[in-house]
Amino acid sequence: MNRTTPAGTPLGDSFHVFDTTLRDGAQREGVTYSVADKLAVARLLDEVGVGFIEGGWPGAMPKDTEFFARARAENFKHAALVAFGATRRAGTTADQDPQVRALLDSGAPVVTLVAKSDRRHIERALRTDVTEACAMVRDTVAFLRQEGRRVFLDAEHFFDGYAFDPDTALRVLTAAVEAGADVAVLCDTNGGQLPLKLADTVGEVIARTGFRVGIHCQDDTGCAVANSVAAVQAGATHVQCTANGYGERAGNADLFAVVGNLVTKLGMPVIPAASVPELSRVSHALAEIANIAPDTHQAYVGSSAFAHKAGLHASAIKVDPLLYNHIDPAVVGNDMRVLVTEMAGRASLELKGRELGVDLAGQPAALTSSVRKVKELEARGWSFEAADASLELLLRNEVAAAEDATVDAPPFRLESYRVILDHGMDGEIVSEATVKVHVADQRVIATAEGNGPVHALDAALREALLPHLPWLSEVRLSDYKVRILPGTAGTDAVTRVLVESSDHEREWTTVGVHGNIVEASWLALCDALVHKAMRVGQPVSSLSP
Ligand SMILES: CC(=O)SCCNC(=O)CCNC(=O)[C@H](O)C(C)(C)COP(=O)(O)OP(=O)(O)OC[C@H]1O[C@@H](n2cnc3c(N)ncnc32)[C@H](O)[C@@H]1OP(=O)(O)O
Ligand SMILES: CC(=O)C(=O)O
């Protein structure tokens with residue numbers, strides 16, 4: 001795969017990627033950054049090479065004031081720090097407005113001023129008139145310029161305001177630019193725009209004013225990324241976005257999708273070439289800091305962004321991965337994955353086998369029987385999508401069967417198990433399991449307690465096997481997920497258990513399905529151990545059906 005590897009010299013100041021995760025992103029419900037978090041976010045954003053990092057609103061929140069004080073010690077390679085704030089209030093002067101002074105005191109070399117550009121907001125929210133609103137903008141920009149700051153103007157509600165009263169909207173922009181603002185940023189504050197109309201407006205504003213125009217899109221129509229890209233195509237040279245689209249209400253334009261599109265679709269080197277393969281890693285790291293699970297389906301950087309489930313896709317991918325991928329995932333530091341489920345065909349299994357180290361090329365019988373078996377099992381509730389280790393065992397069994405080879409005996413064999421629950425006088429519930437297994441030509445019986453039936457079963461099995469299979473001591477049960485699947489017509493509900501195991505070097509997942517949760521767990525547990533046995537060179541065959 002080699003499509004759309006970015007090239008070209010960085011665009012420098014002629015195009016701005018402006019990140020506002022720490023200001024607008026922090027307005028997302030549920031996100032609270034500490035000052036240390038903010039510094040960590042800023043460092044990561046600098047690593048991906050954004051030109052501007054809006055760090056917050058100094059003076060409005062003590063944390064943001066402290067962030068700017070501490071950020072002075074940082075040595076950003078690419079980004080300039082930006083302080084965000086409002087213009088002076090109506091009826092005062094810029095140099096006497098404490099909020100404006102706080103912007104200066106932040107020490108940030110760049111200030112973004114937010115100003116109302118919709119006459120209805122000026123009259124009803126600011127309770128002033130257009131002349132005074134323009135004076136507030138002009139005075140504040142001029143004052144900050146005089147104090148040596150670079151100024152961008154965020155024209156709030158620009159698109160709604162321009163549709164309602166274009167003259168007022170343009171007067172506000174003009175007041176800012178004539179006073180020395182570098183960029184007039186057109187904000188879709190309510191996020192209600194659609195791409196064609198928005199791009200028309202951006203083009204019209206540039207044609208009428210000749211100003212340098214930026215774009216800031218909220219995602220209330222689900223079009224923030226499309227709107228941002230359309231604005232750039234219409235002539236905007238400054239794009240504001242947030243990491244993973246965090247932001248107020250439905251969020252903002254996602255930095256990773258916007259940059260991904262500009263770099264790979266429009267060929268614009270808006271961040272350094274070396275940073276493009278870092279996008280996926282940084283997106284996930286920023287999700288961790290925000291304490292939000294990464295969106296697996298996020299464009300470009302989500303772990304499912306290049307995951308293929310459909311058999312038809314896999315059959316074309318086998319010929320050339322680019323037939324079903326819009327870019328080479330490696331360009332943005334992501335990976336392609338083939339998922340094996342009931343939708344798989346022979347090509348899916350061949351590709352997945354390659355990934356798992358099971359060579360199925362030239363094995364038509366094994367492929368056919370594997371596809372049949374996967375479909376049959378999935379119809380009964382099994383799911384191999386997240387259980388690569390069980391799938392690998394299934395494929396190896398089918399290969400051995402197709403080659404008419406003797407399937408290796410499993411490292412141990414179950415004679416029986418029993419689990420009981422003991423509800424004591426004090427209300428404590430203890431599970432106790434007894435297993436009878438055959439291992440290394442011996443019959444072993446072991447009993448153990450646990451805080452639940454599966455825990456007890458796992459403990460009893462380990463006690464029975466450990467003296468004979470010393471590698472077992474490395475295996476940990478790291479996660480356990482249970483799902484009850486409703487029965488289909490004429491069948492009872494079944495339980496699907498996914499067991500994630502780990503040792504000192506890897507993690508692997510196995511699946512078990514049965515009408516009884518303990519038996520489903522047992523099957524998944526056994527596959528986990530058999531898989532480990534295979535890795536340490538023990539004979540293998542799945543205990544699953
Ligand atoms: C579209 C956006 O997302 S812009 C970013 C918004 N972010 C935030 O609001 C987060 C931080 N905000 C805060 O901490 C507080 O709201 C503060 C410190 C800024 C202001 O707090 P308060 O002084 O208590 O005022 P309050 O929040 O109630 O109202 C905002 C005031 O700013 C005025 N205002 C709103 N926009 C502007 C503007 N662009 N320029 C000047 N004044 C403005 C309002 O008219 C209102 O004035 P009033 O107090 O005379 O009615
Ligand atoms: C400035 C800003 O965040 C907005 O208008 O949405």
Side-chain angles (χ1 to χ4, degrees), residues 18-29 31-33 52 54-65 67 82-94 96-103 106 111-130 132-141 143-144 151-162 168-169 172-173 175-176 181 183-193 198 214-221 224 227-228 231 238-242 245-253:
F18 180 109
D19 181 274
T20 176
T21 306
L22 293 175
R23 198 278 298 172
D24 216 348
Q27 290 174 218
R28 174 181 159 126
E29 184 173 11
V31 167
T32 313
Y33 292 119
F52 297 90
E54 192 166 71
W57 188 333
M61 284 157 276
K63 239 177 359 189
D64 285 9
T65 307
F67 166 79
V82 184
F84 176 91
T87 59
R88 70 160 172 83
R89 299 280 178 107
T92 178
T93 56
Q96 283 176 359
D97 187 315
Q99 281 191 32
V100 177
R101 292 226 73 93
L103 293 170
S106 74
V111 173
T112 302
L113 284 178
V114 61
K116 306 229 183 265
S117 58
D118 181 329
R119 184 153 59 82
R120 294 163 296 189
H121 280 263
I122 291 171
E123 290 171 357
R124 297 175 61 197
L126 285 185
R127 297 178 304 283
T128 188
D129 60 20
V130 175
E132 172 62 359
C134 289
M136 287 157 66
V137 171
R138 193 179 309 108
D139 294 353
T140 317
V141 174
F143 172 68
L144 291 168
V151 182
F152 302 145
L153 183 89
D154 272 5
E156 239 194 306
H157 300 284
F158 182 83
F159 294 93
D160 302 324
Y162 186 80
T168 295
V172 172
L173 298 189
V183 185
V185 184
L186 314 186
C187 299
D188 181 17
T189 306
N190 290 357
Q193 299 294 309
L198 177 135
I215 187 72
H216 173 114
C217 293
Q218 300 292 141
D219 201 28
D220 301 69
T221 54
N227 284 341
S228 303
H238 166 120
V239 64
Q240 299 196 348
C241 26
T242 63
Y246 300 151
E248 189 112 9
R249 306 186 307 280
N252 287 48

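Indexing begins at 1, ligand by ligand and atom by atom, following the structure's order. Computed from a predicted model, the values in this text were never measured in an experiment.
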Q) Which ligand 2 atoms are under 4.0 Å away from a heavy-atom of C187? A) 5 (O)
In the protein, which heavy atom is nearest to [atom], and how far is it?
| atom | value |
| --- | --- |
| atom 6 (O) of ligand 2 | H216 NE2, 3.2 Å |
| atom 5 (O) of ligand 2 | T189 OG1, 2.6 Å |
| atom 10 (C) of ligand 1 | W57 CE3, 4.1 Å |
| atom 17 (C) of ligand 1 | Q99 NE2, 4.5 Å |
| atom 30 (C) of ligand 1 | R89 NH2, 4.4 Å |
| atom 42 (N) of ligand 1 | L126 CD2, 3.7 Å |

Under a 4.0 Å heavy-atom limit, does [X] contact ligand 1 with its side chain, its backbone, both, or neither?
| X | result |
| --- | --- |
| A125 | backbone |
| A60 | both |
| R88 | backbone |
| T189 | side chain |

Does [X], backbone or side chain, put an N or O under 3.5 Å from an N or O of ligand 2?
| X | result |
| --- | --- |
| E156 | no |
| H157 | no |
| D24 | yes |

(Q) Check contact between E248 and ligand 2, using heavy atoms of the residue and a distance below 4.0 angstrom. (A) no
**Q.** Aromatic ring proximity F152/F52, centre distance under 6.0 Å
**A.** yes
Q | Mode of D154 contact toward ligand 2 - side chain, backbone, both, neither (heavy atoms, under 4.0 Å) | A | side chain
Q) Any idea which part of Q218 is under 4.0 Å from ligand 2, heavy-atom wise: side chain, backbone, both or neither? A) side chain
Q.
So which atom in A115 and which in T87 form the shortest heavy-atom distance, rounded to 0.1 Å?
A. CB-CG2, 4.1 Å
Q | Contact bool for atom 36 (N) of ligand 1 (protein heavy atom, d < 4.0 Å) | A | yes
Q: For atom 39 (N) of ligand 1, state whether the nearest protein heavy atom is under 4.0 Å away.
A: yes
Q | Residue of the set T20, T189, D24 for which side-chain hydrogen bond (donor to acceptor under 3.5 Å, both in side chains) holds with H216 | A | D24
Q) Testing E123, H157, E156 for side-chain hydrogen bond (donor to acceptor under 3.5 Å, both in side chains) with K116, which one passes? A) E156
Q. Does even one non-hydrogen atom of R23 get within less than 4.0 Å of ligand 1?
A. yes
(Q) With the threshold set at under 4.0 angstrom, would you say Q27 reaches ligand 1 through any of its heavy atoms? (A) yes
Q.
Can you confirm, on distance only, whether ligand 1 has an N/O atom lying under 3.5 Å from any N/O atom belonging to T87?
A. yes
